[in-house]
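Per chain, numbering begins at 1; letters A, B, ... match sequence-line order. Every value quoted in this text rests on a predicted model; they were computed, and no experiment measured them.
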Number of protein chains: 2
Amino acid sequence: MGNPTLRQITMLELIPRAPQKTYAKELKDKLSNRGYEIDERTIQRDLVALERTLPLRCDDRDKPYGWSWAEKGIGIQAPAMDPIEALTLSLAEQYLEPLMPTANYKRVRIFFDRANAVLKESSPKLINRWRDRVRVLPEMIRFKKPKLIEGIEDQLYRAAFEGLQIKALYRKRGETQSALRHIHPLGLVMKGSINYLICMMDEDAEHPRYMPIHRFEQVTILDEKVKEPKNFNLDEFVHTNNLSFEFSKDLYTFKALFDYTAAAHLVETPLNSTQAVKRQTDGRLLVTARMTDTLQFEQWLKSFGSDVEVLAPKKLRNKFKQLAKELSNQYK
Amino acid sequence: MGNPTLRQITMLELIPRAPQKTYAKELKDKLSNRGYEIDERTIQRDLVALERTLPLRCDDRDKPYGWSWAEKGIGIQAPAMDPIEALTLSLAEQYLEPLMPTANYKRVRIFFDRANAVLKESSPKLINRWRDRVRVLPEMIRFKKPKLIEGIEDQLYRAAFEGLQIKALYRKRGETQSALRHIHPLGLVMKGSINYLICMMDEDAEHPRYMPIHRFEQVTILDEKVKEPKNFNLDEFVHTNNLSFEFSKDLYTFKALFDYTAAAHLVETPLNSTQAVKRQTDGRLLVTARMTDTLQFEQWLKSFGSDVEVLAPKKLRNKFKQLAKELSNQYK
DNA sequence: AAGCTTGCGACATATTTTGTCGGATGAGAA
DNA sequence: TTCTCATCCGACAAAATATGTCGCAAGCTT
């Protein structure tokens, strides 16, 4: 006879969360794989015994009975989260909630729930205090997330993860009708509130495309493996398709004068490690850094309005000259 | 005699992760609280038995022996993560890593490690594929995080969580020397790469301040409870101190013409639910929305350069007129 | 209706669990 | 040093439990 505790713990780890199920026989096999040669009867008894105290569910509508962990229950976790860990997770929650795709967020939610349960137990008063006392503020304006059809997200993820082809109803931008397409998912890119499926289409088996997942209206996963272009590289794709806003990987030396109050934070949170800052006699900050040529950087510069004067490179300074002209025309 | 399995599971949940420890006597008390009246001897025996198979550590340099879970081990988790859950966590990892304070990130890391372990086991080939095939792209430029002194972050968090006063060495912006201060932590605000401690100072017991935590050089937690101004409200503080960049909560009706390609995404990811978009005959998009007057919104508008023409409110249009003038002067 | 699977009660037995006791050990105080 | 105290740990016996086996019943399939 082996150690019943360890065997039962192992068994509990083998039981999936509802709505999935497992069966006595399955458990017997898996336990046997892990070195516990045990009678099926014993497993039945263990399950019934544990069910009395743990949030286990037994679906006895059919035989064999299907066993699972209650969907909402927190199950077992050892070592338990310590309060600091729990605090950190509850902070992570604040970061993730506005950013992450909703379907995914729901799935990590269970961890946050668990964290909050720990906090509640360790210091029920403090947890509310904490909620009142911590804020994660957005750095930039946040857009509404596009609406997604229930379940679509999950299916696209699964297809991308398992590398399976799909058939999907996809609505192009501006169009009101969706069309059936045969798609080979290659990857996923999340950017701000929009997530894209990177994929190959049957029509053009050479060039991958990206499709915002909120334009999918129906997805069926097929049994066939995805056909990939050889040497497909997601980073490369992202760059060449302007998804990451990078024009090139060439570095240039950036130089500009910033208003002190508008850019003082650059001293402590530099653009990158090549950045140098020097206060000028007129109070402005001369900032120098090696930068890659990205649209995001330009947008960031533009957001300073007249609180920045770009000095170098020439090309960028000219762009700003041009911008000045255009704005003058626009608001004349 | 009770059920040994359940009792042992409960006990395992009571054992902290290293470097924290617990002791036989402590476990006896806590188990007794949970309804397991058990001899101390039995606990010792259980611990030794479980140590053989689980990553438990026993520090036997002193008596009583200190028991803990191995720092790196994954312990027990039931129900086990299913692959989709694991996938989602590994995605959350990509979101959080660049955003979250480093000290915190290390603490949630254990969950990500666990997730990756699950993925490795369930489909070792697919996990690598997934890593190659999913990217979370930054929406805006990201600054380097300021350097923090080891342990400072943890202590400030703990003080803020437990509502305890601290003594700290704090270096003001621009100064090279830090000064000792007596501080009453009230809360925390995370914004982009900078995190702030919101607190009261002994010198001015009326007005809370915010202090970037990377300017703290040493922190000692005191035993005394924080004194708070009555009716302290973090959200209010954040607003009145321009941390959230909100000038006022008054809504105005915003109206502007956007270049189509630059702003097409607004159709699918609107600013808020009041937004209306209409395509003009010249191809531009007329966007209308009720907005609050925030600096962030203005910055976002400015980042469009000449791809936006602000129409209303007048005040905002005038700001842009002014901007056009200033830019013209600057780049003349 | 036969055959199969699965759940479950019963039962005897081997095994484990557990409280108790007493000795060993080591730290700190007198 | 010696004494005291807390703790660990081995031993032991009784009580409780765990386990394999068997047989029956229920429900499904063929």
Side-chain angles (χ1 to χ4, degrees), chain A residues 1-16 18-54 56-70 76 78, chain B residues 1-16 18-54 56-70 76 78:
Chain A
M1 266 197 232
N3 185 333
T5 302
L6 247 54
R7 188 193 64 227
Q8 289 185 33
I9 289 176
T10 312
M11 189 178 75
L12 286 170
E13 287 184 305
L14 291 172
I15 298 171
Q20 297 184 85
K21 299 180 208 172
T22 189
Y23 308 92
K25 206 162 219 166
E26 215 174 298
L27 287 171
K28 184 190 154 102
D29 284 352
K30 288 192 183 163
L31 284 173
S32 146
N33 284 337
R34 303 188 179 214
Y36 298 102
E37 294 298 346
I38 198 74
D39 201 272
E40 210 173 314
R41 180 74 188 98
T42 300
I43 290 176
Q44 289 174 10
R45 275 192 288 239
D46 284 350
L47 285 168
V48 174
L50 293 168
E51 186 193 18
R52 275 203 285 275
T53 348
L54 296 172
L56 289 181
R57 294 293 113 90
C58 174
D59 177 1
D60 54 5
R61 288 172 302 182
D62 289 305
K63 288 184 181 183
Y65 293 178
W67 290 88
S68 56
W69 282 92
I76 300 171
Chain B
M1 266 196 230
N3 184 333
T5 302
L6 248 50
R7 190 194 60 228
Q8 289 183 30
I9 288 176
T10 312
M11 189 178 77
L12 287 171
E13 287 183 307
L14 291 172
I15 299 172
Q20 296 183 91
K21 299 180 208 173
T22 190
Y23 308 92
K25 207 163 218 169
E26 214 173 300
L27 287 171
K28 184 189 154 104
D29 285 351
K30 289 192 182 163
L31 284 173
S32 147
N33 283 339
R34 304 188 177 213
Y36 297 103
E37 293 299 343
I38 197 76
D39 201 90
E40 210 174 312
R41 180 76 188 95
T42 300
I43 291 177
Q44 290 174 10
R45 276 191 288 239
D46 283 352
L47 285 168
V48 174
L50 292 168
E51 186 192 16
R52 277 203 283 277
T53 347
L54 296 172
L56 290 181
R57 293 294 115 88
C58 175
D59 176 0
D60 54 5
R61 287 172 302 180
D62 288 305
K63 290 183 178 185
Y65 294 178
W67 291 88
S68 57
W69 281 92
I76 301 172

Distance in angstrom units between [X] [atom1] and [N] [atom2], rounded:
X: D39(A); N: dC22(D); atom1: CG; atom2: P; result: 11 Å
X: I43(A); N: dG7(C); atom1: CD1; atom2: P; result: 11 Å
X: M11(B); N: dT18(C); atom1: CE; atom2: P; result: 10 Å
X: L6(A); N: dT17(C); atom1: CG; atom2: P; result: 11 Å
X: R7(A); N: dA18(D); atom1: CZ; atom2: C1'; result: 8 Å
X: N3(B); N: dT18(C); atom1: CG; atom2: C1'; result: 14 Å
X: R61(A); N: dT6(C); atom1: CZ; atom2: P; result: 18 Å
X: Q8(A); N: dT16(C); atom1: CD; atom2: P; result: 14 Å

How long is the gap from [atom1] on [X] to [atom2] on [Y], to the nearest 0.5 Å?
X: M11(B); Y: T5(A); atom1: CE; atom2: OG1; value: 9.0 Å
X: L14(A); Y: K28(A); atom1: CG; atom2: NZ; value: 14.5 Å
X: L6(A); Y: T53(B); atom1: CG; atom2: OG1; value: 4.0 Å
X: T22(A); Y: L47(A); atom1: OG1; atom2: CG; value: 9.0 Å
X: I43(A); Y: E40(A); atom1: CD1; atom2: CD; value: 6.5 Å

Query raised in the report: Between Y65(A) and T5(A), who's closer to the 5' end of DNA chain C by nearest nucleotide?
Result: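 Between the two, 5'-proximity favours Y65(A).
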
Query raised in the report: Does the side chain to side chain contact (heavy atoms under 4.5 Å, CB included) test come out yes or no for Q44(B) and Y65(B), once each step is laid out?
Result: CA-CA 10 Å; Q44(B) 290 174 10; Y65(B) 294 178; over 6 Å; no

Query raised in the report: For the side chain of R45(A) and the base of dG7(C), is some donor closer than 3.5 Å to an acceptor across the two?
Result: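 For R45(A), whose side chain was compared with the base of dG7(C), there is no donor-acceptor pair (under 3.5 Å).
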
Query raised in the report: Within less than 4.0 Å of OP1 or OP2 of dC8(D), is there a side-chain N or O belonging to Q44(B)?
Result: yes

Report summary line: Among the nucleotides dA10(C), dT19(D), dG10(D), whichever has the atom closest to the side chain of P4(A) is dT19(D)

Query - Nearest-neighbour nucleotide for the P64(B) side chain, dT20(C), dT19(D), dT7(D) considered - result: dT7(D)

Report task. List the atom of K21(B), the atom of D59(B), and the distance in Å for their closest heavy-atom pair. Result -> NZ-OD2, 2.8 Å

Report summary line: By side chain to side chain donor-acceptor pair (under 3.5 Å), R34(B) pairs with (sequence neighbours left out) E121(A)

Query raised in the report: Counting only non-hydrogen atoms, which of residues 20-30 of chain A are less than 4.0 Å from DNA chain C?
Result: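 The answer is K25(A).
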
Requested in this report: Mark yes or no for whether W69(B), through its side chain, and L12(B), through its backbone, hold a donor-acceptor pair below 3.5 Å.
Outcome: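 Yes, the answer is positive, given that a donor and an acceptor are paired below the 3.5 Å cut-off.
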
**Report entry** Terminal axes of the helix from dA1(C)-dT30(D) to dA30(C)-dT1(D) (five pairs each): angle between them, nearest 10 degrees
**Finding:**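 It works out to 30° between the end axes.
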
